[in-house]
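Letters go in sequence order (proteins before strands), and every chain restarts at 1.
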Amino acid sequence: MLSTHKLLINLNEAQTAAVTTDAQHSLVLAGAGSGKTRVLVYRIAWLLAAEGISPYAILAVTFTNKAAAEMRNRVAELLETPARGMWIGTFHSIALRLLTMHHKEAGLPKNFQILDSEDQYRLIRRVISDLELDEKQWQPRMVQSFINGKKNEGIRANEIDDFGDDNSSTLINIYQHYDDHCNRGGLVDFAEMLLCTHQLLLNNPPLLEHYQGRFGAILVDEFQDTNDIQSAFIRLLAGTKNKIMVVGDDDQSIYAWRGAKIDHIIGFKDLFPNTIQYKLEQNYRSSNNILHAANAVIKNNAKRLGKELWSQQGDGELIQYYGAYSEYDEAAFVAEEIDNLIDSGIDGDQIAILYRSNMQSRLLEENLLKHNIAYKVYGGLRFFERMEIKDVLAYVRLINNRHDDVGFERVINTPTRGLGNKTVNQIRNCALINQVSLFSACQILLKNNSLTARAAGSLAGFINMIDEFDNNHDKEQLNPLFDDVIERTGLRDHYQKEPPEKALTRLENLDELLNAAETFVKPQEDDQIGMTALSSFLAQVSLEAGERASDKDVPCVQLMTLHSAKGLEFPYVFLVGLEQGLFPHQNSMEDPEKLQEERRLCYVGITRAEQKLFMTYATSRRIRGRTQGCAPSKFLREVPEKLVNQIQGNVFTAPRGGMFANQDNSAFAQHQPGVLVSHKIFGEGTIIELSGQGDYTQIMVEFQDHGTKILAAKFAKLEVI
DNA sequence: TCTACGACTATTTTT
DNA sequence: TAGTCGTAGA
């Protein structure tokens, strides 16, 4: 057994205080690079070793599989024995476990299926069309975020008040129909998993009591990212007696747009009165110049608990600013600098380029290519999200659960088997009228002879094939089943016919899938609760979509968005595209809350760097086919000048006129007398005169059809022709 | 059923 | 500008 003494020698004072706290609840504010995971892992060990808590009483929750795996490994490493008995997992995997074990109480069929975002999107489109609504008006993406938003707040369709508003009542109606559909087919989306689990516990006092009795110590990672339902779930499980430790950083909350609420961490102490707060401010990652810059930027946010990072490391290098003339210049600069770094013996994987939006990667890639620098772009499709993989899985899902309409729709005519739109619509209608699944609808249609001979033959063949797959295969042996599906459905031939390049990767992916099926080992817990290997496999791939595409083993320069960089660190970091309108993003500049989130994103970006940080911007950039003048991001000026070496340009002494005049609306740069512009209402005209400065600039325009007008530049949205 | 063309849109993304 | 998506037509 681990000695408590040995535990504490690796911790600093603040970390020790948090790890050994005897408060019932603790809130650990852990700045970037301050040893957040370390505290969680050591806390678990402390609970076991010093407080004698059973591993069975420990519940540790994270957001990503990666974080969960890391915690599990580090706990095992520290304890020098596998982390048995305790529950360590993501919110979703824990929810899945509870729902599987208690599916009856939760009102779910045993073989319920998880819908990922794409599946959900497809089903929502289907519902919109069933309700004969116009997709133009009820855009599926918008509806999807409405439904998920409500679920994340723990609200069901029948609990929303439409206040007599048609718009709301339609959305509520779609939500209701979507949920009905899911219930009929035994389908559960990501948000539903959490909501359903919450209701399961809430509506089953004995069950709740059981789990409250079991989990004496609850630990939550990245608490700033919790949404309402996740927070409520923790509160419910904690009851009045259990201990909670939440760890997080309000300054790194960057997911408000998908339901995370910073208020949960900010208001934690109010919700749980017996809370002691600990701050981890010593940073082990970055040199002081970088930390000072990060502190200076985040200080401009009003809504925060307040923290200041410091380090025992030296000042390190100055932050390098580069004001490029254009995005081409910027990309060329970055590639050249990286080339130099690599020449000086630094490995590519020590370097990261971070940007606000994915489209920025293209030019950077082109320039890295020119210099023959190996790179890897994060983002894009993951293994189990690829078309060919989802196709195979859809067949398998249908074999596992005939009522899985999402799976059905995906493969009914893939590969094409003469069941086109007409027949499928017939099936949909029949399903709608009888309120049954598509698969059942097929059986009805076949029985009633309602189809043309050709369609009927083809459909019967399809149905039989699915049934045969089911009958001929053991649900514990995945590889033979998958292999059979890929061959007999004709999927392999189907992909073979694609252009050679594509076909090759698709077939490779299919082989990889077979390999995954072959080597899949059913987790012991799943076995105990009677899940078949097939169900277990399907659940796992839905929750964990697999590694991102990776093609090289060479150390690669890492390209990714700021969002995906959270939690990572690199000796050399290039933060690019620091311009008003790009970062902070146009859509987030007006709203103070959103602007603060952009700033937190900037804070995340800066604190990724260990040794050297480059921040670049371009004074002109082509966006959507149009070259625009750009003002440097306001965040650049929030970094104290003394921490910066500006290689080209100067953000700090930039003239207030000309290019940098109107920081908040870069488009003004081109608004000069004589320029031809167009206005939404007044049409085309010529600029006569400019007056005023900054936000207050006024523009006199002589319009061809409406005479001379004086407009406030900020609001006129004039476009240069 | 497949192809081609025109319309539309354009942050961030884990589970 | 460029990439995606839906529909019309072969």
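- Evaluation of atom-type donor-acceptor distances gives no pair under 3.5 Å for the side chain of A:Ser117 against the base of B:dT14.
- A 4.0 Å heavy-atom criterion places the boundary nucleotides of DNA chain C facing chain A at C:dT1 to C:dG6, written 5' to 3'.
- Residues meeting the side-chain hydrogen bond (donor to acceptor under 3.5 Å, both in side chains) test with A:Glu153, sequence neighbours left out: none.
- Residues forming a side chain to side chain contact (heavy atoms under 4.5 Å, CB included) with A:Ser588 (at least two apart in sequence, or on another chain): A:His585, A:Lys594, A:Glu598.
- Within 4.0 Å of A:Arg362, counting heavy atoms only, lie sugar-phosphate atoms of the nucleic acid but no base atom.
- Taking the side-chain hydrogen bond (donor to acceptor under 3.5 Å, both in side chains) definition, one finds that A:Ser536 meets it with A:Asp526, sequence neighbours left out.
- Not a single side-chain hydrogen bond (donor to acceptor under 3.5 Å, both in side chains) links A:Thr489 to another residue, sequence neighbours left out.
- Taking A:Asp391 as the reference, A:Met387, A:Arg410, A:Thr414, A:Leu491, A:Tyr495 meet the side chain to side chain contact (heavy atoms under 4.5 Å, CB included) condition, with sequence neighbours excluded.
- In this structure A:Tyr121 satisfies the side chain to side chain contact (heavy atoms under 4.5 Å, CB included) test together with A:Arg125, A:Pro140, A:Arg141, A:Gln144, sequence neighbours excluded.
- Side-chain contact check for A:Arg622 and A:Thr627: at least one donor-acceptor pair (N or O, by modelled atom type) lies under 3.5 Å.
- With sequence neighbours left out, A:Leu568 forms a side chain to side chain contact (heavy atoms under 4.5 Å, CB included) with A:Lys66, A:Met560, A:Phe570.
- Nucleotides B:dT13 and C:dA2, compared at atom C1', are 22 Å apart to the nearest Å.
- Note on A:Arg382: a side-chain N or O is less than 4.0 Å away from OP1 or OP2 of B:dT15.
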Atom pairs under 3.5 Å, N or O on each side, protein against nucleotides 1-5 of chain B: can you list them with distances?
residue, atom, partner, partner atom, Å
B:dT1, OP1, A:Gly418, N, 3.1
B:dT1, OP2, A:Asn413, ND2, 3.1

Polar pairs (N or O, both sides) under 3.5 Å between protein and nucleotides 9-12 of chain B?
residue, atom, partner, partner atom, Å
B:dT11, O4', A:His585, NE2, 3.3
B:dT11, O2, A:Arg356, NH1, 2.8
B:dT11, O2, A:Arg356, NH2, 2.5
B:dT12, OP1, A:Asn358, N, 2.7
B:dT12, OP1, A:Asn358, ND2, 3.2
B:dT12, O4', A:Arg356, NH2, 3.1
B:dT12, O2, A:Trp257, NE1, 3.4
B:dT12, O2, A:Arg356, NH2, 2.5
B:dT12, O2, A:His563, NE2, 3.4

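- Within 4.0 Å (heavy atoms only), A:Asn65 reaches sugar-phosphate atoms of the nucleic acid but no base atom.
- Residue contacts shown for A:Arg125 are limited to sugar-phosphate atoms, with no base heavy atom under 4.0 Å away.
- Applying the ring pair (Phe, Tyr, Trp, His ring centres under 6.0 Å) criterion to A:Tyr178, with sequence neighbours excluded, gives no partner residue.
- By the side-chain hydrogen bond (donor to acceptor under 3.5 Å, both in side chains) test, A:His102 is found to be paired with A:Tyr211, residues two or more places apart in sequence or in another chain being considered.
- Between the side chains of A:Glu222 and A:Gln224, a donor-acceptor pair is found at a separation under 3.5 Å.
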